[in-house]
Student: 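I have a structure here, written as structure tokens, and I will follow up with some questions on it.
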Amino acid sequence: MALDFTIITDVRQRFGDMIRDEKPSLRERESGIEDDAPFAGWEKSFAFRCPSVERSQFALLLFQTLGVSVRQGLEINGQTIFGGIAPSVDFESRILGSGSEAHQDRSALARWNGNVMLIHPNVLQENNILRVRAAEMTAGNVDDFLIDNVVVVFKTGRSGVFNPGSVVATASRRKKKAAATRAKKRK
């Protein structure tokens with residue numbers, strides 16, 4: 001079986017509510033989420049094709065995320081991709097003076113994560129829909145994050161059929177001829 005891949009999106013997408021009019025407290029710093037990526041909202045569906053996909057085989061979903069605070073939902077063709085999108089935020093403590101409460105004086109810094117996920121057999125089809133949803137962190141506050149470079153790698157049903165004039169087929173014929181010639185010389 002051969003492998004093939006499809007690029008689902010190569011453009012960064014921002015998810016969440018992106019409420020920016022709230023004034024941060026003195027303890028908060030900028031999270032590191034890029035504001036210039038296209039805004040997808042709370043959820044977005046991406047259509048993609050997998051030509052000649054071998055449906056009975058596993059596939060891989062590869063992508064990057066930035067600033068995921070809580071586990072996010074992910075589906076292909078209505079089937080949940082187990083594991084979801086893992087958090088990619090570091091909580092950084094500041095050096096504090098005496099009398100301050102360290103557990104309340106932490107800021108979140110967005111980090112890039114590389115994600116590799118298994119797609120179970122019989123999920124992929126020739127035409128597919130990937131749906132990404134932003135989860136609520138607290139009531140009324142949706143997690144803000146980026147997703148980028150989404151690629152699916154899958155096995156195809158195409159067998160290794162070679163064109164008789166191809167380099168591989170010609171080399172194969174030469175090896176057979178050489179073996180036959182060697183066998184004749186031995187006799």
Side-chain angles (χ1 to χ4, degrees), residues 5-50 58-97 100-125 127-154:
F5 69 94
T6 297
I7 298 172
I8 298 173
T9 181
D10 61 349
V11 175
R12 291 181 179 164
Q13 305 283 320
R14 286 186 303 143
F15 285 86
D17 54 7
M18 293 296 181
I19 298 173
R20 296 287 187 224
D21 56 334
E22 296 176 8
K23 183 174 171 111
S25 70
L26 295 175
R27 293 182 178 170
E28 291 179 349
R29 283 193 275 168
E30 187 61 36
S31 67
I33 296 288
E34 301 169 9
D35 289 335
D36 56 347
F39 183 58
W42 287 30
E43 88 175 46
K44 184 171 181 178
S45 295
F46 302 89
F48 66 98
R49 291 188 35 77
C50 293
F58 280 93
L60 294 174
L61 184 65
L62 311 169
F63 58 95
Q64 295 175 296
T65 56
L66 174 69
V68 176
S69 297
V70 296
R71 193 161 300 278
Q72 306 296 326
L74 191 63
E75 295 177 354
I76 294 179
N77 299 330
Q79 299 289 319
T80 300
I81 303 301
F82 295 104
I85 303 172
S88 59
V89 172
D90 287 338
F91 289 99
E92 180 177 89
S93 295
R94 296 192 205 161
I95 299 173
L96 306 170
S100 66
E101 300 196 23
H103 68 280
Q104 292 178 349
D105 200 13
R106 295 171 63 107
S107 59
L109 297 174
R111 299 284 186 228
W112 280 105
N113 254 9
N115 299 271
V116 178
M117 305 183 86
L118 280 177
I119 301 170
H120 286 275
N122 300 312
V123 172
L124 286 181
Q125 304 168 12
N127 296 303
N128 302 281
I129 302 289
L130 167 70
R131 190 174 100 177
V132 179
R133 286 177 308 211
E136 277 192 296
M137 293 177 15
T138 59
N141 183 13
V142 176
D143 192 12
D144 299 325
F145 65 95
L146 293 176
I147 191 167
D148 194 14
N149 299 324
V150 184
V151 176
V152 64
V153 179
F154 57 95

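We use all heavy atoms of the structure for the numbers below, so side chains are in, but hydrogens, waters and symmetry mates are not. Starting from 1, each residue takes its place in the sequence as its number.
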Student: With sequence neighbours left out, which residue pairs that include part of residues 60-79 fulfil the salt bridge (Lys or Arg N to Asp or Glu O under 4.0 Å) condition?
Tutor: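 Every salt bridge (Lys or Arg N to Asp or Glu O under 4.0 Å) pair that includes a residue of residues 60-79, provided the two are not neighbours, is Glu75-Arg131, Glu75-Arg133.
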Student: Who are the side chain to side chain contact (heavy atoms under 4.5 Å, CB included) partners of Asn122, not counting sequence neighbours?
Tutor: Arg55
Student: What do the steps show when you test His120 against Gln79 for side-chain contact (heavy atoms from CB on, under 4.5 Å), and what is the final call?
Tutor: CA-CA 9 Å; His120 286 275; Gln79 299 289 319; over 6 Å; no
Student: State which residue, out of Ile8, Val132, Leu74, fulfils the side-chain contact (heavy atoms from CB on, under 4.5 Å) condition with Phe63.
Tutor: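 Exactly one option meets the side-chain contact (heavy atoms from CB on, under 4.5 Å) with Phe63, and it is Leu74.
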Student: Can you list the residues that meet the side chain to side chain contact (heavy atoms under 4.5 Å, CB included) rule with Asn77, with sequence neighbours excluded?
Tutor: Gln125, Asn128, Ile129
Student: Partners of Asn115 by side chain to side chain donor-acceptor pair (under 3.5 Å), sequence neighbours excluded?
Tutor: Thr65
Student: Under the side chain to side chain donor-acceptor pair (under 3.5 Å) rule, collect the residues that match up with Gln64, sequence neighbours excluded.
Tutor: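 Gln64 satisfies side chain to side chain donor-acceptor pair (under 3.5 Å) with Asn149 only.
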Student: Hey, does Leu124 have a side-chain heavy atom less than 4.5 Å from the side chain of Phe48?
Tutor: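 Side chain of Phe48 against side chain of Leu124, heavy atoms only: contact under 4.5 Å found.
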Student: Test side-chain contact (heavy atoms from CB on, under 4.5 Å) on Leu60 and Ile119 and set out the steps.
Tutor: CA-CA 6 Å; Leu60 294 174; Ile119 301 170; over 6 Å; no
Student: Please find the pair of heavy atoms, one from Asp148 and one from Arg12, that lie closest to each other, and give the distance.
Tutor: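 Distance-wise, the nearest heavy atoms are OD2-NE, 3.0 Å.
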Student: Which pair of non-hydrogen atoms, one from Gly16 and one from Val142, has the smallest distance, and what is that distance?
Tutor: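 It is CA-CG1, 3.7 Å.
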Student: Looking at CG of Leu61 and CG of Leu130, how far apart are the two atoms once the value is rounded to the nearest 0.5 Å?
Tutor: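 Here the rounded value is 6.0 Å.
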Student: At what distance, to the nearest 0.5 angstrom, does CG of Asp144 lie from CG of Leu66?
Tutor: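 With rounding to 0.5 Å, CG (Asp144) is 11.0 Å from CG (Leu66).
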Student: Go through Gln13 and Phe46 one step at a time and tell me if the side-chain contact (heavy atoms from CB on, under 4.5 Å) criterion holds.
Tutor: CA-CA 11 Å; Gln13 305 283 320; Phe46 302 89; 3.8 Å; yes
Student: Can you sort out the partners of Phe5 under ring pair (Phe, Tyr, Trp, His ring centres under 6.0 Å), two or more places apart, ordered by chain and number?
Tutor: none
Student: Should the ring pair Phe145 and Phe15 be called parallel, tilted or perpendicular, given that the plane angle runs from 0 to 90° and is split at 30 and 60?
Tutor: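 Phe145 and Phe15: parallel rings.
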Student: Decide yes or no for Asn113 and Val68: does some side-chain heavy atom of the first lie under 4.5 Å from some side-chain heavy atom of the second?
Tutor: no
Student: Identify the heavy atoms of Gln72 and Asp143 that sit nearest to each other, and give their distance.
Tutor: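 Shortest heavy-atom contact: NE2-OD2, 2.7 Å.
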Student: Out of curiosity, Arg14 CZ to Leu146 CG, how far, rounded to the nearest 0.5 Å?
Tutor: 7.5 Å
Student: Taking atom OG of Ser45 and atom CD1 of Ile76, what is their separation to the nearest 0.5 Å?
Tutor: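 CD1 of Ile76 is found 11.5 Å from OG of Ser45.
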